[in-house]
2 protein chains.
Amino acid sequence: MRILLADDHPLFRIALAQAVRAVAPEATIAEAGTFDDALADLAAHADTDLVLLDLHMPGSHGLMALATLRGEYPAIAVAMISAHDDASTVRRALAHGAAGFISKRSGLDELQTALRAVLAAQTWLPPALRGNVLVGEADAEERRLAARLAALSPQQMRVLGLVADGLLNKQIADRLGVQERTVKAHLTAIFERLDVRNRTQAGVLLRSLEVADPALRVEG
Amino acid sequence: MRILLADDHPLFRIALAQAVRAVAPEATIAEAGTFDDALADLAAHADTDLVLLDLHMPGSHGLMALATLRGEYPAIAVAMISAHDDASTVRRALAHGAAGFISKRSGLDELQTALRAVLAAQTWLPPALRGNVLVGEADAEERRLAARLAALSPQQMRVLGLVADGLLNKQIADRLGVQERTVKAHLTAIFERLDVRNRTQAGVLLRSLEVADPALRVEG
DNA sequence: AAGCGCATTGGACGATCGTCCGATGCGCGC
DNA sequence: GCGCGCATCGGACGATCGTCCAATGCGCTT
């Protein structure tokens with residue numbers, strides 16, 4: 001049993017690790033502070049069983065990180081961990097294949113209960129939302145989007161992320177250490193898979209996975 | 001006293017009109033089912049005192065309609081009307097200059113109370129959110145965005161909206177009935193005012209005003 | 001009357017984009 | 001082994017983008 005904790009907050013990773021050890025003493029625990037680190041860890045440890053993924057990480061574009069992981073490692077369960085736990089966000093995460101959704105506002109007891117559920121391959125949701133966050137027909141659009149994004153290769157997803165930031169092909173090439181020619185090749189493939197015609201539309205598509213900035217959030 | 005009701009739901013406009021008549025019998029009431037209709041109405045009736053604006057209208061891009069109105073008619077009060085009434089959305093609306101925020105989940109009594117407050121030039125918020133939705137330092141980013149968007153002319157805003165939809169310059173020109181040349185001129189001005197370098201970044205900026213699709217929303 | 005912002009259009013030009021043809025090497029599963 | 005997807009690169013080319021120079025008319029304010 002191997003578990004990866006992906007969260008950009010070191011203190012929270014410590015708390016998470018303690019909770020995990022309490023409910024699964026035998027598990028191997030890995031940590032990542034950025035999404036790229038998480039991808040690197042999974043590339044080196046394909047035997048990972050579960051990823052606890054923060055919704056807001058550097059370079060993750062909200063639900064993009066989840067979409068990327070689900071597309072790259074369909075066999076690895078991904079549970080979202082987030083303070084931004086409104087019904088809409090939880091629902092979208094489930095539509096994108098999340099194995100569960102753990103609120104950062106949970107107390108230790110609830111967190112451990114949630115971890116036990118997720119480790120037992122059960123879908124876990126915040127108690128307050130349970131029952132009214134059903135993935136139904138209304139999510140068809142979100143799921144089609146998830147399916148299309150999951151069809152992208154890891155490198156293509158990186159290119160798309162940089163396109164969505166407004167970078168030029170040349171800048172993207174420099175950032176990834178490849179030729180501009182290669183970036184163009186990726187873009188042609190990306191457009192075809194996402195069924196869009198230009199980079200602006202592709203950027204909009206990716207941005208639709210954004211979740212409201214938690215810095216602007218206040219307690220309901 | 002002149003009031004414009006801008007909502008794409010005819011039945012809701014009727015209900016709104018009744019409520020307005022109940023609290024302000026002397027007011028002239030105008031209606032618009034699309035954002036373009038609303039703009040046309042205001043262009044013909046600059047003496048309008050208040051706009052009750054739905055957050056989700058055809059061609060409005062979420063808070064973009066609010067930003068446009070505030071930039072074009074700073075003297076006209078705009079109160080948002082929306083079913084998507086979470087704290088974050090309300091806060092962003094206020095940062096963009098909304099005179100109030102009326103939840104569609106309000107009962108008739110609350111709606112009338114809200115209307116009286118807004119008509120008395122008071123900021124009105126849903127009772128559940130009052131007190132913890134203060135526009136503070138955390139909204140600096142949102143307000144800078146609002147200021148930049150408010151600096152755009154109406155035509156520039158239309159161009160920007162179409163750019164954010166991924167249209168080509170030629171397509172935008174056809175849609176607006178002008179030459180591609182003109183669209184380029186507008187874009188150059190838009191880039192300068194928004195402090196971006198290309199259309200993709202401009203589209204992302206506008207899209208950041210998007211609010212989560214209400215079709216995906218469930219009751220909290 | 002003069003100034004200013006807005007909207008419109010033109011020519012020209014370099015930069016950028018996106019696609020067409022093609023190629024190589026790598027890893028993985030049948 | 002062989003096929004397949006992935007990632008990389010190349011030339012060429014037309015389409016598109018964005019900016020440089022410029023102009024006209026309109027409405028509003030000073």
Side-chain angles (χ1 to χ4, degrees), chain A residues 39 42-44 46-47 68 71-75 148-205, chain B residues 39-40 42-44 46-47 68 71-75 149-205:
Chain A
L39 281 179
L42 290 181
D47 61 327
T68 303
E72 193 61 9
Y73 305 99
R148 286 193 283 177
L149 285 170
L152 296 183
S153 71
Q155 189 76 323
Q156 286 170 353
M157 194 68 80
R158 286 186 210 104
V159 171
L160 178 57
L162 296 175
V163 165
D165 285 337
L167 272 64
L168 302 178
N169 286 342
K170 184 176 183 54
Q171 295 172 318
I172 296 171
D174 288 348
R175 196 75 71 90
L176 297 181
V178 299
Q179 296 302 312
E180 181 181 357
R181 197 68 205 67
T182 306
V183 173
K184 288 187 178 183
H186 284 312
L187 276 177
T188 297
I190 290 171
F191 296 157
E192 204 272 334
R193 292 194 175 175
L194 297 186
D195 191 27
V196 298
R197 264 123 235 111
N198 55 52
R199 59 176 49 224
T200 302
Q201 289 179 343
V204 165
L205 209 63
Chain B
L39 282 178
L42 291 181
D47 60 327
T68 302
E72 192 62 10
Y73 305 99
L149 285 170
L152 296 183
S153 73
Q155 189 76 324
Q156 286 170 353
M157 195 68 80
R158 286 186 210 103
V159 171
L160 179 56
L162 296 175
V163 164
D165 285 336
L167 271 64
L168 301 178
N169 286 343
K170 183 175 183 56
Q171 294 172 317
I172 296 172
D174 288 348
R175 195 76 70 90
L176 296 181
V178 299
Q179 297 302 312
E180 181 180 356
R181 205 84 216 54
T182 307
V183 174
K184 288 187 178 184
H186 284 310
L187 276 176
T188 297
I190 290 171
F191 295 159
E192 202 273 333
R193 292 194 175 175
L194 297 186
D195 192 27
V196 298
R197 263 123 237 111
N198 55 52
R199 58 176 51 226
T200 303
Q201 289 179 342
V204 164
L205 209 62

Quick one: side chains of residues 184-194 of chain B, donor-acceptor pairs under 3.5 Å with protein atoms, not counting sequence neighbours, listed by atom name and distance.
| residue | atom | partner | partner atom | Å |
| --- | --- | --- | --- | --- |
| T188(B) | OG1 | K184(B) | O | 3.2 |
| R193(B) | NH1 | A151(B) | O | 2.3 |
| R193(B) | NH1 | Q156(B) | OE1 | 3.4 |

Round to the nearest Å and state the distance from [X] atom [atom1] to [N] atom [atom2].
X	N	atom1	atom2	answer
Q179(B)	dA12(C)	CD	P	16 Å
L176(B)	dA7(C)	CG	P	11 Å
L187(B)	dT9(C)	CG	P	14 Å
I172(B)	dA7(C)	CD1	C1'	16 Å

Problem set entry | Partners meeting salt bridge (charged side-chain N to carboxylate O under 4.0 Å, His left out) with R181(B) (sequence neighbours left out) | none
Exercise. What residues, two or more places apart in sequence or in another chain, satisfy salt bridge (charged side-chain N to carboxylate O under 4.0 Å, His left out) together with R148(A)?
Worked result: none
For this session: Under the side-chain hydrogen bond (donor to acceptor under 3.5 Å, both in side chains) rule, collect the residues that match up with Q155(B), sequence neighbours excluded.
Result: R158(B)
For this session: Go through the structure and list residues passing side-chain hydrogen bond (donor to acceptor under 3.5 Å, both in side chains) with Q179(A), not counting sequence neighbours.
Result: none
For this session: Report yes if the side chains of V204(A) and V196(A) come closer than 4.5 Å at any heavy-atom pair, otherwise no.
Result: no
For this session: Find the distance between OG1 (T68(B)) and CG (L152(B)) and round it off to the nearest 0.5 Å.
Result: 8.0 Å
Exercise. How long is the span from the CD atom in E72(A) to the CG atom in L42(A), to the nearest 0.5 Å?
Worked result: 9.5 Å
Exercise. To 10°, what angle do the rotation axes through the five end pairs on each side of the helix from dA1(C)-dT30(D) to dC30(C)-dG1(D) form?
Worked result: 40°
Exercise. Where the side chain of T188(B) is concerned, which of dC9(D), dG18(D), dC6(D) is the nearest nucleotide?
Worked result: dG18(D)
Identify all pairs in which a protein N or O lies below 3.5 Å from an N or O of nucleotides 12-17 of chain D, and state each distance.
| residue | atom | partner | partner atom | Å |
| --- | --- | --- | --- | --- |
| dC17(D) | OP1 | N169(B) | N | 3.4 |
| dC17(D) | OP1 | R199(B) | NH1 | 3.4 |
| dC17(D) | OP2 | N169(B) | N | 3.2 |
| dC17(D) | OP2 | N169(B) | ND2 | 3.3 |

Could you go through residues 161-177 of chain A and list every donor-acceptor pair under 3.5 Å that involves a side-chain atom there, pairing it with any protein atom two or more places apart or in another chain?
| residue | atom | partner | partner atom | Å |
| --- | --- | --- | --- | --- |
| D165(A) | OD1 | R207(A) | NH2 | 2.8 |
| N169(A) | OD1 | R199(A) | NH2 | 2.2 |
| Q171(A) | OE1 | L168(A) | N | 2.8 |

Exercise. With respect to the phosphate group of dG18(D), does any side-chain polar atom (N or O) of H186(B) fall under 4.0 Å of OP1 or OP2?
Worked result: no
For this session: Go along nucleotides 23-30 of chain D 5' to 3' and tag each nucleotide: B for a protein heavy atom under 4.0 Å from its base, S when only backbone or sugar atoms are that close, - otherwise.
Result: --------
Please list each protein N or O that sits under 3.5 Å from an N or O in nucleotides 25-27 of chain C, with the distance.
none

Exercise. What residues in residues 152-159 of chain A put a non-hydrogen atom under 4.0 Å from any atom of DNA chain D?
Worked result: S153(A), P154(A), Q155(A)
Problem set entry | Sugar-phosphate only, base, or nothing, as touched by A189(A) at under 4.0 Å among non-hydrogen atoms | nothing
Problem set entry | Closest non-hydrogen atom pair, Q201(A) against R197(A) | OE1-N, 3.0 Å
Problem set entry | Pairwise 5' ranking along DNA chain C for V196(A) and V183(B), keeping only the more 5' one | V183(B)
